[in-house]
Amino acid sequence: MIDWLIDHLALIMFVSMFVVIFCGYPVAFVMGGMAMLFAVLGWLGDVFPLAGMSNILLRMWGGVATDPILVSIPMFIFMGSILERSGSAKDMLSATEILLKRMPGGSLIALPQMLEAGYHKHLAIGTVASAGTLGILIPPAIMLVVMAEMLNTSAGTLFAAATMPGLLLSGLYLIYIVCVAIIKPSHAPKLPAHFGPQSSAEFWATMLKGLLPMTFLMVVVLGSIFAGWATATESAGVGVLGAFLLAAINGKLNWTMANDAIRSACRANAMVFLIFLGATGFSYVFRTLGGDDLMIQTLANFGIDTKWEILVFLMILVFLLGFPFEWIEICLIVLPVFAPVLLKLDFSDHLGDKAYLMPWFGTLVAVNLQTSFMTPPFGATLFYMKGTVPPGVSMSDVYKGMYPFVALQILGLLLCIAFPEIVLWLPRVTGML
């Protein structure tokens, strides 16, 4: 019995982590604590060297604190915080609403305004929820930077790989919303003709103020990465500078705004990097205990041994983990454990080259997370929405609003699996693959 426990320490470690997390303890502390506990147990069982204890800290420092890719995360978070407080994001939404006012379903993507405008509550809820979750996929999403680090690929490559799937999902949403608006006009009424600017001069002034600055900033940030002129870290720095310039143009740049933006960004970064440190220690101990081979053996024992069976298993696992966990927790739990397993499989006949595997797989996980966050009964987005909807909207309404968009997300995921060129075309064109 003792020998069996020692041989399966990695599996016990993986299962124990989930048990403790479900008890409500913070993920960062659970993963870091499990790393230390099972390192000691492995040492007692003579399967983990005592010197490896010091390697845990070295891995945390070298793998997180000094990683140049992860430096971009604080700056992207800071950029978003500045744009939110400077009013630039609000100006862009207002300009977009005016631009689309003649189009069915073109109202502002904000739930109270959509409901007041006469939108059907199920359509309004599903639209806001799906658009919100899309933000973790469309570059320069923080999630993609995290995944790039976990998959040992460049953030720029993953940005390029996720762009077309993000546009695919956006297109599927738009087609559905327009179809509903045409078939059932009462569900998505047009904005009145008197809404917004009434002259060409006012219209173009609104467009220049709302769309041009933010569009230019996004083109500079993403274009510099895709063109190979800058790394993700360098482009994030440019993005922060651009956000400050937009704040100055809007007359919102002052010490109070900057102080609030810094505080908000620091809180978010502290949470993200604390989880990083715990996950780094966990993955090091897990792999040292032979977790990679043990996972393959365990899956084979359950009859999951072909490459497609393993990929389907991972997609289902990510989908289910999306119910109770945040995206960063899923990435830091699943990717370090299963990415080495997937690397041992050969998808070159489907992808054309083994080097394309990690960008493709990472994008599939990112698209999958859109679905898991919105799926009843436990998807995290459901509870975010219930906390913000007006009193007349029930949890049942929230559920019903999600179903069509979840179906569209599953369709998008299946298309990305069946047609990998959706993911790989842009990285190839930009020379990132």
Give me the atom names and distance for the closest heavy-atom approach of Gly239 to Val221.
CA-CG2, 3.7 Å
Between Met402 and Ile125, which heavy-atom pair has the shortest distance, and what is it?
CE-CG2, 4.3 Å
For residues Met147 and Cys331, report the shortest heavy-atom separation together with the two atoms involved.
CG-SG, 3.6 Å
Student check: side-chain heavy atoms of Leu169 and Leu408 closer than 4.5 Å:
no
Measuring from Phe159:CZ to Thr430:OG1, what's the distance to the nearest 0.5 Å?
12.5 Å
Without swapping roles, check the side chain of Ser264 against the backbone of Asp260 for a donor-acceptor pair under 3.5 Å.
no
Can you tell me how far CG of Leu364 sits from CG of Leu311, rounded to the nearest 0.5 angstrom?
6.5 Å
Any side-chain heavy-atom pair of Val365 and Leu335 under 4.5 Å
yes
In this structure, CG of Leu158 is separated from CE of Met150 (nearest 0.5 Å) by 12.0 Å
N/O donor-acceptor pair under 3.5 Å between Lys307 side chain and Asp346 backbone:
yes
Counting distance only, does the side-chain N/O of Asn259 pair as donor-acceptor with the main-chain N or O of Trp255 below 3.5 Å?
no
In the structure I gave you, are the side-chain heavy atoms of Val180 and Pro404 within less than 4.5 Å of one another anywhere?
no
Can any side-chain N or O of Trp360 pair as donor or acceptor with the backbone N or O of Ala161 at less than 3.5 Å?
no
State the CZ-CD1 distance between Phe361 and Ile417, to the nearest 0.5 angstrom.
10.5 Å
What heavy-atom pair brings Pro74 and Asn269 nearest, and what distance separates the two atoms?
CA-OD1, 3.0 Å
For Ser81 and Ile77, indicate whether the former's side chain and the latter's backbone hold a donor-acceptor pair under 3.5 Å.
no
Tell me, yes or no, whether the heavy-atom count around Asn152 atom CG, taken from other residues, nucleotides or ligands under 6.0 Å, exceeds 12.
no
Please state whether the rings of Phe282 and Phe14 are parallel, tilted or perpendicular, taking 30° and 60° as the class boundaries.
tilted
Taking all atoms of both residues into account, what is the closest heavy-atom pair of Pro165 and Val423, and its distance?
CG-CG2, 3.9 Å
Excluding sequence neighbours, so at least two apart, what forms ring pair (Phe, Tyr, Trp, His ring centres under 6.0 Å) with Phe405?
Tyr173, Tyr176
Student check: side-chain heavy atoms of Met358 and Leu342 closer than 4.5 Å
yes
Decide if atom NZ of Lys344 counts as having more than 12 heavy atoms of other residues, nucleotides or ligands within a radius under 6.0 Å.
yes
Over all heavy atoms of both residues, which pair between Ser16 and Met34 is shortest? Give the atoms and the distance, please.
O-CE, 3.7 Å
Atom OG1 of Thr288 and atom CZ of Phe38: how far apart are they, to the nearest 0.5 Å?
14.0 Å
Roughly how far, to the nearest 0.5 Å, is CG of Leu343 from CG of Leu151?
8.5 Å
